[in-house]
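Every chain is numbered from 1 and lettered A, B, ... according to where its sequence line falls, protein lines coming before strand lines.
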Amino acid sequence: MGLIDALLATYTYLVANFDEFLRLLAEHLALVLVSVALAIVIAIPMGVLATRNERAKSIVMSFGNVSQTVPTLAIIALVFPILGLGFLPALVGLFAYALLPILTNTVAGLENVDESTVEAARGMGMTENQILRQIQLPLAVPVIFAGIRTSAVLNVGTAYLAFFIGGGGLGVWVISGISLFNTPQLLAGAIPGALLAIGLDSLFGLIEGRLSGESMAEQSAAAG
Amino acid sequence: MTKTNTTGTTEAPDTMIKFDGVTKIYSDQTVAIEDISFEVERGTTTVFVGPSGCGKTTTMTLVNRMQDPTEGAVYYDGTDIQELDKVDLRRDIGYVIQEIGLFDHMTVGENIATVPELKGWDQSRIDDRVDELLELMDLEPGTYRDQYPNALSGGQQQRIGVARALAADPDVLLMDEPFGALDPLTREELQDEFLEIQERIDTTILFVTHDINEALKMGDKIAIFDVGELVQYGSPKEILHNPATEFVEDFIGADRTLKELQITPVRDIMSESVPTVEQPTASSVADTAEAATAALADGTGDQYVAPTNTVDIALSRMIETDTQSLPVVKDDDVVGTITESSIRAHQSNGGV
C-alpha cells in the first residue's frame with residue numbers, strides 16, 4: 001500500500017468514525033490541558049519557593065527530577081495500583097510528568113533575572129513581594145512559558161499511553177490500530193496528535209507574546 | 001516621610017547624614033570598614049573615592065540599609081536609621097548603581113514612575129513628574145516616554161537611571177559609580193550635565209567612584225578610603241593641598257598642582273580691572289583684549305577664557321598662543337584679565 005493510499009484510507013476511516021474521533025480528541029485534550037494546568041498551579045509556586053530558600057530548592061528539585069526520571073510508561077503503570085483505572089489516574093500520571101519542565105524553568109527564569117535589576121528595585125524601596133510580582137516574575141515569563149510549552153508538547157505524546165489504564169484519548173485508536181494491523185486507524189489516531197502538539201505549542205507561544213509584551217521583543221530586536 | 005528628631009545626639013542642624021564609629025564585618029569575617037565617623041552637610045555632594053575593595057560602596061549602602069552596620073550607628077536627618085523602616089527609608093533615598101538596573105519589561109516612563117507609584121502619588125502628578133524629569137535629562141518626553149530601555153544607548157539608559165532616582169524628590173541621592181561603565185566621552189557629558197542638575201536640586205548626594213579626577217570634579221567634599229579606613233575627609237582643595245598621608249598623595253598622583261588648576265575657576269584668580277585701549281600703560285594686556293574682541297568677532301577665538309572655565313584651560317591657552325595673559329570674557333564683554341604670574345602667585349599662596 002502506497003503512502004497516498006494509506007492517507008486516503010486514513011481520511012476515509014476518520015470521516016466514517018468522526019463522532020468517535022471527536023470524543024477521543026476531547027479526552028486527549030482534556031488529559032493534556034488539565035494535567036498541564038495543574039502542573040502550572042503547583043510548579044510555579046514551588047519554583048518561587050525554591051529560589052527563596054536553598055533547602056527548599058534541593059527538596060523541590062530532587063522531587064521534580066525523580067518524577068521525570070521514571071519512564072513514561074512506568075508512571076502510568078505506577079499510578080494504576082494506587083488509583084485504579086480510568087481518567088483520573090491517567091491525569092495524575094501526566095501531571096507528575098508535566099511538573100519538572102515548568103519547575104526547572106521557573107527556577108531558571110527567576111534566577112536569570114539580572115542581580116542588578118533586583119538590587120535597583122530593592123534599593124528603591126520595593127518589598128520582597130513587590131520585587132517578585134512586579135520585577136522577577138514578569139522578567140521570567142518567557143523562560144517559564146518555554147517550560148509550559150515543553151510540558152504541553154511532551155504530554156500530548158505521553159497521553160497516548162493513558163489507554164493502558166483506561167484513560168481514553170487518541171491512544172485508543174493508535175494502540176488498537178497496532179494490535180489489529182489496522183494502519184488507517186493507527187494513522188487516524190497518530191496524525192491528529194502530531195498536529196495537536198504543534199497547535200498547542202503555537203498557542204502557548206501566542207499567549208506568551210501577549211503576556212510579556214510584544215513591543216518589548218520588537219524593541220530588543222531593534223536594539224540588537 | 002519620617003522626620004523625627006528622637007535621638008539625643010548633639011549635632012549641627014544642617015547635618016543630613018552622620019556616621020558614628022561604624023564598623024561593618026561581613027558574615028565571612030571580611031572587615032569592610034572599621035570605625036568610620038564623619039558627617040555630611042545637607043545639600044552638598046560628598047564623593048567616596050578609593051581603590052577597589054576599600055569599603056566605599058559598603059559605606060554608601062549602609063545609608064539606605066542595603067547593609068546594616070556591625071557596630072556603631074548611622075544617622076539620617078538626626079535619627080538612627082535602625083529605628084526607621086527599611087522600605088520607607090529607601091523610598092526617600094534615590095539610588096543609582098553602575099549597572100543601571102533599569103526594568104527591561106517596563107517603558108522608560110514606567111521606570112521613572114517606580115518610586116512615585118510605590119509612594120502612591122496620583123496618576124496626573126506622576127505623569128507630570130515623568131515629563132519634567134525627561135526634560136531635565138535632555139530627553140524629549142514624547143520620543144522617549146514610551147520606549148523600552150533596551151532601545152536606548154548606555155548614556156541614555158543612565159540618564160533614565162538618574163531620572164528614576166530623582167523621581168520622588170529624594171532628600172538624599174546615593175550614586176554608586178554611576179558613570180563608571182560609560183565610554184569616556186559620554187561619561188564627561190553626563191558629569192557636566194549632572195553638575196548642572198546638582199545646582200538646581202537641593203539634594204544631599206553621596207557619590208562613589210574609584211576615579212580621583214571624577215571625585216575632584218563632582219565633590220564639594222571628598223572622602224578618601226584605603227582598605228576599610230577613611231584616611232582623609234575634606235574639600236577637594238584641602239585634599240590636593242594637604243594630603244594627609246602618603247597613600248592620599250600617591251592616590252592623587254604626581255600632577256597634583258595641575259589637578260588643583262583643574263578645579264579652580266578662572267573667576268577666583270582673575271583681576272577685575274578691565275583693560276581698554278584707552279589705557280596705554282597696559283599695552284600688552286590691551287593687545288590681548290583687542291585680539292580677543294577680534295577673535296570674538298570672527299568666532300574662532302581660543303585667545304580668551306570664560307570666568308567659569310578652569311584655570312588649567314587658561315594656562316593651556318596661554319601656552320598655545322605663547323602669551324602670558326588672557327582676557328576673561330563673559331557674554332561678549334571683557335570682564336577681567338588672567339595672567340600667568342597671578343596663577344603662579346595663587347598656587348604659591350596655597351591655592352586660596
Side-chain angles (χ1 to χ4, degrees), chain A residues 44 48 51-55 105-106 108-148 205-224, chain B residues 1 57 60-61 63-67 84-108 110-119 146-154 156-157 160-161 164-168 170 173-178 181:
Chain A
I44 293 180
V48 170
T51 54
R52 293 292 176 91
N53 181 322
E54 270 311 306
R55 261 194 62 203
N105 279 44
T106 304
L110 290 174
E111 284 184 345
N112 277 347
V113 173
D114 215 355
E115 194 47 53
S116 63
T117 307
V118 176
E119 199 206 326
R122 191 173 291 129
M124 285 192 292
M126 282 195 181
T127 63
E128 292 306 309
N129 267 330
Q130 285 167 332
I131 294 174
L132 179 67
R133 278 186 288 112
Q134 296 176 23
I135 308 296
Q136 290 175 304
L137 278 178
L139 286 171
V141 158
V143 184
I144 297 177
F145 253 83
I148 295 175
L206 212 69
I207 300 173
E208 179 200 328
R210 284 283 152 80
L211 265 179
S212 62
E214 305 96 306
S215 45
M216 184 180 132
E218 282 167 29
Q219 296 280 1
S220 315
Chain B
M1 71 155 290
T57 297
M60 167 179 280
T61 52
V63 177
N64 64 352
R65 293 193 64 191
M66 298 294 275
Q67 305 286 348
L84 298 171
D85 181 68
K86 254 187 213 183
V87 166
D88 288 339
L89 177 75
R90 287 175 190 161
R91 289 177 188 178
D92 286 337
I93 297 180
Y95 192 42
V96 182
I97 55 176
Q98 181 179 351
E99 303 85 359
I100 310 174
L102 291 181
F103 307 139
D104 290 337
H105 61 299
M106 296 183 186
T107 63
V108 163
E110 287 165 349
N111 266 284
I112 297 176
T114 307
V115 182
E117 295 269 8
L118 289 171
K119 289 187 148 197
D146 298 320
Q147 292 214 32
Y148 283 84
N150 284 330
L152 306 178
S153 71
Q156 288 170 330
Q157 290 192 14
I160 305 299
R164 183 175 67 174
L166 290 173
L173 180 62
L174 305 182
M175 307 182 86
D176 188 0
E177 307 215 20

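- Of the inter-residue distances, the one linking B:Glu117 atom CD with A:Met124 atom CE reads 11.5 Å to the nearest 0.5 angstrom.
- Using a 4.5 Å cut-off between heavy atoms, B:Ile93 contacts chain A through its backbone alone, with no side-chain atom that close.
- For the atom pair A:Ile131 CD1 and B:Phe103 CZ, the distance stands at 8.0 Å (nearest 0.5 Å).
- Proximity to chain A (any heavy atom under 4.5 Å) is shown, for B:Val87, by both the backbone and the side chain.
- Put simply, CD1 on A:Ile135 and CE on B:Met106 are 4.0 Å apart, with the number rounded to the nearest 0.5 Å.
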Derivation and outcome, side chain to side chain contact (heavy atoms under 4.5 Å, CB included), residues A:Arg122 and B:Arg90 = CA-CA 8 Å; A:Arg122 191 173 291 129; B:Arg90 287 175 190 161; 3.4 Å; yes

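- Listed options B:Ile97, B:Leu102, B:Thr61 were ranked by heavy-atom pairs under 4.5 angstrom with chain A; first place goes to B:Ile97.
- With B:His105 contributing its side chain and A:Gln136 its backbone, the two residues share no donor-acceptor pair below 3.5 Å.
- Highest contact tally toward chain B, considering only A:Glu115, A:Gln130, A:Met126, A:Glu119, is held by A:Glu119 [criterion: heavy-atom pairs under 4.5 Å].
- Under the side-chain hydrogen bond (donor to acceptor under 3.5 Å, both in side chains) criterion, A:Asn53 pairs with no residue, sequence neighbours left out.
- Going from atom OG1 of A:Thr117 over to atom CG of B:Asp104 covers 6.0 Å, rounded to the nearest 0.5 Å.
- Top candidate by heavy-atom pairs under 4.5 Å with chain A, chosen from B:Val96, B:Asn64, B:Leu174, B:Thr114, is B:Thr114.
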